[in-house]
There are 2 protein chains.
Amino acid sequence: MARAATTSDVFNAVAEPSRRALLDCLAHGELAVGALVDQTDLEQPSVSKHLRVLHAVGLVTSRRDGRQRFYRLEAQAMRPLHAWVRTFDRYFERQLERVKERAESTRREHPRKEPS
Amino acid sequence: MARAATTSDVFNAVAEPSRRALLDCLAHGELAVGALVDQTDLEQPSVSKHLRVLHAVGLVTSRRDGRQRFYRLEAQAMRPLHAWVRTFDRYFERQLERVKERAESTRREHPRKEPS
DNA sequence: TTTACATATTCCAATCTAGGCATATATTGA
DNA sequence: TCAATATATGCCTAGATTGGAATATGTAAA
């Protein structure tokens, strides 16, 4: 079996750095394809193809205005990714605590409250 | 050019559902390969191969104990992913606000504050 | 040493990819 | 209708993959 399609889910769609770059651009607001080409170092066909993938997983929607086509970020499509990553939030905290505790215990053995 | 290697970064590493499943298992604590095989519907060689990828990007570390090898989650390696996803937090909120505002404006017309 | 157990690696097949280039489609204006 | 602009699509190639089966490596016990 081969790798899953990039259009199979949001995880695969955002695995590509260029597509993340496009989403970063769109975070500031709706943009036409040409503007995205200008703001990245991608060729126009590449941008269109990446947008197609992003559209397939629902991360962007588009609207036509004359000959231009404007793309807009649809952040709610990022929800599964968001949710999964958040699952590990406690482990970030736990590690922070561990670091703090270790730093503490080198000086003396008393927990503190304030982080740096 | 082909797709980037799964070992190129955390984004590519977690794009694979099986690897996310493994990380989910390891979130409860250190586990040997055999336990991971039991807790998933993956064959042993697949588990080993996926763990190799996860190790390559720093998402797990391992420790040998007799003939077993225990793997442990290294959550801090998820930081780039975590940070990127958080970038879009405000858009989740903004969308919520938009929904609320729309509900408001259907009743009456009230001027908006400012975005962000 | 031999055997059994736990894990890792190799080879394979079938896909899916990203970029480059050419070209098709669509819309506007002369 | 014809030219110009904006975007999308098709074709190609090299490369990277996943799972499966077989096998190799490594450790422990008999």
Side-chain angles (χ1 to χ4, degrees), chain A residues 1-26 30-73, chain B residues 1-26 30-73:
Chain A
M1 215 184 240
R3 214 200 292 210
T6 54
T7 53
S8 60
D9 57 36
V10 184
F11 290 90
N12 280 281
V14 306
E16 173 63 34
S18 302
R19 282 193 288 267
R20 289 201 299 280
L22 290 173
L23 292 174
D24 289 340
C25 291
L26 293 175
E30 211 183 35
L31 283 176
V33 177
L36 289 167
V37 172
D38 292 345
Q39 293 185 29
T40 59
D41 34 358
L42 299 168
E43 302 294 326
Q44 179 267 313
S46 280
V47 170
S48 283
K49 283 186 243 182
H50 283 309
L51 287 171
R52 198 166 134 94
V53 172
L54 294 174
H55 179 80
V57 299
L59 277 168
V60 300
T61 50
S62 68
R63 158 179 86 78
R64 164 150 266 172
D65 180 27
R67 329 176 218 206
Q68 293 185 311
R69 183 171 283 273
F70 286 86
Y71 283 85
R72 157 202 279 271
L73 174 68
Chain B
M1 216 184 236
R3 217 196 294 205
T6 54
T7 53
S8 61
D9 57 36
V10 185
F11 290 90
N12 279 282
V14 307
E16 173 65 32
S18 301
R19 282 193 288 269
R20 289 201 300 280
L22 290 173
L23 293 173
D24 289 340
C25 292
L26 292 175
E30 212 184 33
L31 283 177
V33 177
L36 288 167
V37 173
D38 292 344
Q39 293 186 30
T40 60
D41 34 357
L42 298 168
E43 302 295 326
Q44 178 268 313
S46 280
V47 171
S48 284
K49 282 186 253 182
H50 283 309
L51 287 172
R52 196 165 134 93
V53 173
L54 294 174
H55 178 80
V57 299
L59 277 168
V60 300
T61 51
S62 68
R63 160 180 85 78
R64 161 149 264 156
D65 180 26
R67 331 176 218 206
Q68 294 185 309
R69 183 170 282 273
F70 286 86
Y71 283 84
R72 157 202 279 272
L73 174 68

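Just so we're on the same page: letters track the sequence lines, and every chain starts at 1.
One interatomic measurement links the two molecules: CZ of B:Arg63 to P of C:dT7, which rounds to 12 Å at whole-angstrom precision. Between the CG atom of A:Asp41 and the C1' atom of C:dG19 there is a distance of 13 Å, rounded to whole Å. Per the geometry, CG belonging to B:Asp38 stands 14 Å off C1' belonging to C:dT7, to the nearest Å. Distance, A:Arg19 CZ to C:dC16 C1': 11 Å, rounded to whole Å. In this structure, A:Leu31 atom CG and D:dA6 atom P are separated by 15 Å, rounded to whole Å. Regarding A:Leu22, its CG atom lies at a distance of 15 Å from the C1' atom of D:dA8, rounded to whole Å. In this entry the distance linking NE2 of B:His55 with C1' of C:dT9 reads 15 Å, nearest Å. We find that CG of A:Asn12 is positioned 13 Å from P of D:dT17, with the value rounded to whole Å.
Residue order along DNA chain C, read from the 5' end via each residue's closest nucleotide, puts A:Ala4 first among A:Ala4 and A:Glu43. Nearest-nucleotide positions on DNA chain D for B:Arg3 and A:Ala35 put A:Ala35 closer to the 5' end.
Proximity of A:Leu22 to A:Thr40: side-chain heavy atoms (C-beta onward) are separated by under 4.5 Å at one or more points. Looking at heavy atoms from C-beta onward, A:Leu54 lies in side-chain contact with A:Leu23 at the 4.5 angstrom threshold. In this structure the side chain of A:Leu73 never reaches within 4.5 angstrom of the side chain of A:Thr61, judged on heavy atoms.
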- Message: Walk me through whether B:Ser62 and B:Arg69 qualify under side chain to side chain donor-acceptor pair (under 3.5 Å).
- Response: CA-CA 7 Å; B:Ser62 68; B:Arg69 183 170 282 273; 2.8 Å; yes

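Atom-to-atom distance recorded for B:Phe70:CZ and B:Leu31:CG is 8.0 Å, nearest 0.5 angstrom. For the atom pair CG (B:Leu26) and CZ (B:Arg72), the distance works out to 10.5 Å, reported to the nearest 0.5 Å. Taken to the nearest 0.5 Å, the CD atom of B:Glu30 stands 14.0 Å off from the SG atom of B:Cys25.
From one end of the helix from C:dT1-D:dA30 to C:dA30-D:dT1 to the other, with five pairs defining each end axis, the axis direction shifts by 10° (rounded to 10°).
Neither OP1 nor OP2 of D:dT7 sits under 4.0 Å from any side-chain N or O of A:Ser48. The shortest distance between the side-chain N/O atoms of B:Ser62 and the OP1/OP2 oxygens of C:dA8 is not below 4.0 Å.
A:Gln44 comes within 4.0 angstrom of a nucleotide base, judged by non-hydrogen atoms across all strands. Within 4.0 Å (heavy atoms only), A:Tyr71 reaches sugar-phosphate atoms of the nucleic acid but no base atom.
Side chain of A:Arg20 to backbone of A:Ala15: a donor-acceptor contact under 3.5 angstrom is found. Side chain of B:Asn12 to main chain of B:Thr7: no donor-acceptor pair is present (N/O by atom type, distance under 3.5 Å, no hydrogens or angles). Remark: the backbone N or O of B:Ala13 is paired with a side-chain donor or acceptor of B:Arg19 at under 3.5 angstrom. Between the side chain of A:Ser48 and the backbone N or O of A:Pro45 there is no donor-acceptor pair closer than 3.5 Å.
Listed nucleotides C:dA6, C:dT17, D:dA8 differ in distance to B:Gln68; the shortest reach to its side chain belongs to C:dA6. The side chain of B:His50 sits closest to D:dG19 out of D:dG19, D:dT7, C:dG19.
The environment of B:Arg64 atom CZ is dense: over 12 non-hydrogen atoms of other residues, nucleotides or ligands sit within 6.0 angstrom.
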Nucleotides 10-14 of chain D: which of its N/O atoms have a protein N/O under 3.5 Å away?
from: D:dG10; atom 1: O6; to: A:Lys49; atom 2: NZ; distance (Å): 3.0

Under 3.5 Å, N/O pairs linking protein and nucleotides 26-28 of chain C:
from: C:dA26; atom 1: O3'; to: A:Arg64; atom 2: NH1; distance (Å): 3.2
from: C:dT27; atom 1: OP1; to: A:Arg64; atom 2: NH1; distance (Å): 3.4

